[in-house]
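Worksheet: one structure, shown below.
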Amino acid sequence: NVYTDYFFDEPAFNTHDGGYVALETPTTPQQPLAIPPLAVPDTETSHEVSYTITAQEGEAQLLPGEKTKTWGYNADILGRTIILNDGQDVHITLKNNLPELTTFHWHGLNVSGPIIDGGCHAPVYPGKANKIDFTLHQEAATTWLHPHPCPSTAEQVWHGLAAAVIVKDKHEASLHLPRNYGVDDIPVVLQDRRFHDHNQFDYRADYDPDGVQGPTALINGTVNPYFDVTSQRLRLRLLDGANRREWRLHFSDDLKFTQIAGDGGLLPDAVDLTHLMLTCAERAEVVVDFSGYHAGDEVVLYSDDTPIVHFRIHDFNADPEPLPTHLLDIKPPVVDPATPIRKVVMSGMDESVMLDGKKFNMQRIDAEQPVGQAQYWDVTNTNDMTGGMVHPFHIHGTQFLIISRNGHASYPNEHGYKDTVGVNPGETVRILVRFDLPGVYMYHCHIIEHEDGGMMAQIESYEAGKPRPKYKLMDMETL
Ligand code: C2O
Ligand code: CU
Ligand code: CU
């Protein structure tokens, strides 16, 4: 069975919002797709790893002519890819060499909030460093690192801060899947920018409270990229790292591809698709099989009608072994029928966006849930189809399961663990949420300007029967 649609309702696409900026086909020459180098651990043993991650200013040759002033993690733009292993003790030094406060948020990692998680309560001041330590218990997944200071997350991401964080585990390593980093397994960070005078970004000039966009696709920080394909199969770890843009992805020839993983790890079963839509912060790992092509051919990845990556096919060795079809056994946690269903409402547009009828307040804990208890959350987007948007709903510190959409089955490619889900206008998505660790966690729309604009709340997960820790919550003044 090959699925050939985006599943999302066409009228809900962000193209229908008045401020939508369409992607344009680049006129600059094609350049090799940048593959972020792997971050080099300070120390590493089989059960322990330490890294130093530095947020820094830089400049990058994005267009011919003048370089663009950018920010990155151990890099001029974006960041080196960080590899973590399930079961490892992880020590990370977080250094801020930027001219302003930032935080280091581990989007999708199973770590405690609010400090290690790196949301708005974990500032690292300019010129300073913090240290975090945790033991990672998590299935193989593509997660990511981005800044999260309130309310300037969006602008910092726009400067270039975002890095892939790949979690590995034994089970994934046992499957016949491409995993040679940079060769047949590559991160693909999907972003868009507008270039102003002297090839510079200008966030303020482009500001839109419904999300900042630009007409130029920037893929792993590359304008108009090509990638040299030297293997029959290529695994793309797609990450929507845009502030607001949805990506509607498809290949030339309507080439079929196979989705093997979502945000939180492997899907239970591989899903064959020709079209895939990602909303902000969502990830999809897909495997593309080029066996029908020959050296000299080109396969193009599009978003809508705009080419965003050119895959140049070279000679490769045939891989006759099929991909696994069953990937992961998922046992959903059992919900006690006495547990009430939590209602979460995303409403408004522009400056009037709210979560549960309120604007975010750093000092206010909006909800609580016992550690280990599974609860249904009904997440509603009250926008209507005409002026509304798909709001990508994200929760820190957990991977959830999608149970239903307006009472109907969830999409076939969202049966694995997720931390972000696109909620259509007028839709209620039921998710099954469980926290592994006590802490304070943010949940919000991941259109980053909506998050900065207050479409965000926070929940405390607590250990029932134990005294509650006192969390130090920042406020705008103490920042
Ligand atoms: Cu991707 Cu609150 O974060
Ligand atoms: Cu997050
Ligand atoms: Cu939103």
Side-chain angles (χ1 to χ4, degrees), residues 12-14 17 19-20 102-114 116-122 141-154 156-157 161-165 189 191 208-213 239-246 263-264 278-283 344-356 359-360 362 379-383 387-400 417-425 427 429 433 435 439-459:
F13 289 175
N14 60 5
D17 174 70
Y20 181 72
T102 191
T103 81
F104 295 73
H105 171 50
W106 304 92
H107 180 129
L109 272 197
N110 184 24
V111 295
S112 69
I116 297 175
D117 169 73
C120 62
H121 302 297
T142 304
T143 69
W144 61 303
L145 166 66
H146 67 75
H148 214 306
C150 293
S152 43
T153 299
Q156 292 198 354
V157 171
L161 290 174
V165 181
V189 182
Q191 297 180 314
D208 178 333
D210 281 326
V212 174
Q213 310 153 84
L239 155 63
D240 184 342
N243 285 41
R244 162 280 161 81
R245 184 174 300 281
E246 299 151 8
D263 309 330
L278 287 179
T279 66
C280 295
E282 284 190 298
R283 286 88 70 205
V344 179
V345 176
M346 293 185 286
S347 64
M349 288 283 289
D350 296 312
E351 283 87 359
S352 66
V353 290
M354 289 197 274
L355 202 135
D356 289 336
K359 290 281 189 191
F360 181 63
M362 290 170 90
V379 184
T380 301
N381 172 357
T382 62
N383 286 174
M389 296 173 81
V390 181
H391 296 285
F393 180 74
H394 167 54
I395 315 177
H396 288 211
T398 184
Q399 293 291 340
F400 51 76
Y417 284 100
K418 301 255 311 151
D419 55 50
T420 307
V421 57
V423 184
N424 292 305
E427 189 175 48
V429 179
V433 182
F435 291 94
V440 174
Y441 299 100
M442 309 160 96
Y443 52 105
H444 56 87
C445 175
H446 217 292
I447 290 175
I448 312 181
E449 283 73 12
H450 283 178
E451 156 190 342
D452 283 343
M455 201 181 218
M456 178 153 70
Q458 49 195 355
I459 186 166

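The structure presented is a predicted model; accordingly, all values stated were derived computationally and were not measured. When a ligand or atom number is given, it counts from 1 through the structure's own listing order.
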Taking the inter-plane angle between the rings of His396 and His105 on a 0 to 90° scale, is it parallel (under 30°), tilted (30 to 60°) or perpendicular (over 60°)?
parallel

So which of the N, O or S atoms of His391 lies nearest the Cu ion (ligand 3)?
ND1

Does His394 bring an N, O or S atom to under 2.8 Å of the Cu ion (ligand 2)?
yes

Taking the N/O/S atoms of His446 one by one, which is nearest to atom 1 (Cu) of ligand 1?
NE2

Scan His394, His444, His391 and name whichever one has a ring pair (Phe, Tyr, Trp, His ring centres under 6.0 Å) with His450.
His391

Hey, is the main chain of Gln213 close enough, under 3.5 Å, to the side chain of Arg244 for a donor-acceptor pair?
no

Near the Cu ion (ligand 3), is there an N/O/S atom from His450 that is less than 2.8 Å away?
yes

Considering the options Val390, Ile447, Val421, which one meets the side chain to side chain contact (heavy atoms under 4.5 Å, CB included) requirement together with Thr279?
Val390

Does any N, O or S atom in His105 come within less than 2.8 Å of the Cu ion (ligand 2)?
yes

Where the side chain of Thr153 meets the backbone of Pro149, is there a donor-acceptor pair that is under 3.5 Å apart?
yes

Test of geometry: compute the angle ND1(His107)-atom 1 (Cu) of ligand 1-NE2(His146) and round it to 10°.
120°

